[in-house]
Amino acid sequence: MTSVKSYIEALRGLNEDERETRQAFLEVIEQETDRMVRLTRDLLQLSGLDRGQTYNVHQRISVSNLLAQVKQRFQLQAERQQLEFTVYEPDDEGTYIVGNRDMVNRILDNLISNAMKYTPAQGHITVCTRILRERIVVTVTDDGIGIPEADLPRVFERFYRVDKGRSRKLGGTGLGLALAREMVERLGGSIAMTSEPDRGTQVKVTFVRALEVQGEA
C-alpha cells in the first residue's frame with residue numbers, strides 16, 4: 001500500500017507532457033494492486049484452512065480431464081513467454097484422484113505459474129503423472145533459474161521468499177507454496193521439491209488415488 005500511495009502522489013506532480021513516465025507509474029500501480037489482490041486471496045484461503053473450514057475432500061477427479069484443462073489454461077501464456085510447455089496425460093483415462101477439485105487446481109496452478117515465472121524464454125516446463133497402486137504422483141519440472149540448496153528447507157514456509165527483490169518484481173507473495181502444501185496435506189497427500197541453481201526445479205505432488213466408484217467432480 002505504501003508503494004502504491006507513493007506512486008499516486010508522484011503521478012499528481014507530473015506535467016501533462018510526461019506521458020511515458022505516467023504510463024510507467026500506472027503499470028507499477030497495476031502490478032502492485034494485482035499483487036495485493038493475490039496476497040489477500042491467499043491469506044483468506046490460509047485463514048480458512050487454519051480455522052478448520054470444512055471442504056469436500058472426497059470428490060472423484062479424472063486425472064485426464066484435470067491435465068487437459070491445465071494444458072488449456074497455460075498453453076497461451078507459455079507461447080507468449082516463448083516456453084515449451086508439455087503435459088503428459090496418463091494412458092489410463094479411468095484414473096482418478098480423490099480430493100477437492102478447486103484445491104487440486106489451485107495446487108497445480110501455483111506450481112506451474114511458479115515454473116513459468118522463473119524459467120527464461122526458450123526454457124522447458126513439463127507436467128507428467130505416475131500412477132501407483134494407491135497414489136498418483138504429479139510432477140512439474142522446469143529448467144529455469146533454480147533455487148539454492150540452503151533455501152530448499154524453507155520454501156514452503158509462509159512469507160518466505162528466496163530472493164525478495166526478484167519475487168516482488170514478479171508478483172510473488174511468499175504464500176503460494178505454503179498454501180499449496182497445506183492444501184496437499186488437507187487432501188491426505190504430500191509435496192516435495194528438488195532444485196539446483198541454473199538447472200531448474202522439480203516439484204512432486206502425491207495425491208490419494210480414488211479406487212472406489214464415487215461421484216465424479
When the side chains of residues 190-199 are checked against the rest of the protein, which donor-acceptor pairs come out under 3.5 Å, sequence neighbours left out?
residue	atom	partner	partner atom	Å
Ser195	OG	Ile147	N	2.8
Ser195	OG	Gly200	O	3.0
Ser195	OG	Thr201	OG1	2.7

Working for side-chain contact (heavy atoms from CB on, under 4.5 Å), residues Tyr88 and Leu67: CA-CA 8 Å; Tyr88 295 100; Leu67 295 182; over 6 Å; no

Which atoms form the tightest heavy-atom contact between [X] and [Y], and what is the distance?
X	Y	result
Val140	Ala115	CG1-CB, 4.3 Å
Arg60	Ala210	CG-CB, 4.1 Å
Gly144	Asp142	N-OD1, 2.8 Å
Gln59	Arg101	OE1-N, 2.8 Å
Met116	Phe74	CE-O, 3.5 Å

Contact between [X] and [Y] at the side-chain level, heavy atoms closer than 4.5 Å - yes or no?
X	Y	result
Leu76	Arg80	yes
Phe207	Val63	no
Val98	Leu187	no
Ile136	Tyr96	no
Leu108	Leu66	yes

Other residues, nucleotides, ligands: >12 heavy atoms within 6.0 Å of Glu79 CD: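 Counting other residues, nucleotides and ligands, CD of Glu79 exceeds 12 neighbours.
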
Point-to-point distance, once rounded to the nearest 0.5 Å, from [atom1] of [X] to [atom2] of [Y]:
X	Y	atom1	atom2	answer
Thr119	Gln82	OG1	CD	13.5 Å
Ile97	Thr206	CD1	OG1	10.0 Å
Ile61	Thr95	CD1	OG1	13.0 Å
Leu111	Ile125	CG	CD1	11.5 Å
Gln202	Cys128	CD	SG	7.0 Å
Arg181	Ile107	CZ	CD1	12.5 Å

Side-chain donor or acceptor of Asn110 paired with backbone N/O of Arg106 under 3.5 Å: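 Side chain of Asn110 to backbone of Arg106: no pair is present.
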
Side-chain donor/acceptor of Arg209 to backbone N/O of Ile131, under 3.5 Å: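 Checked: no pair found.
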
Under the salt bridge (Lys or Arg N to Asp or Glu O under 4.0 Å) test, residues paired with Asp109 that sit two or more places apart: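 Result, salt bridge (Lys or Arg N to Asp or Glu O under 4.0 Å) vs Asp109: Arg73.
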
Connected via hydrophobic side-chain network under 4.5 Å: Val205 and Leu152: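 Yes; Leu152 is reachable from Val205 via cluster members.
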
ILVMFWY cluster, Phe156 and Met183 together (side-chain gap under 4.5 Å):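 Phe156 and Met183: one cluster.
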
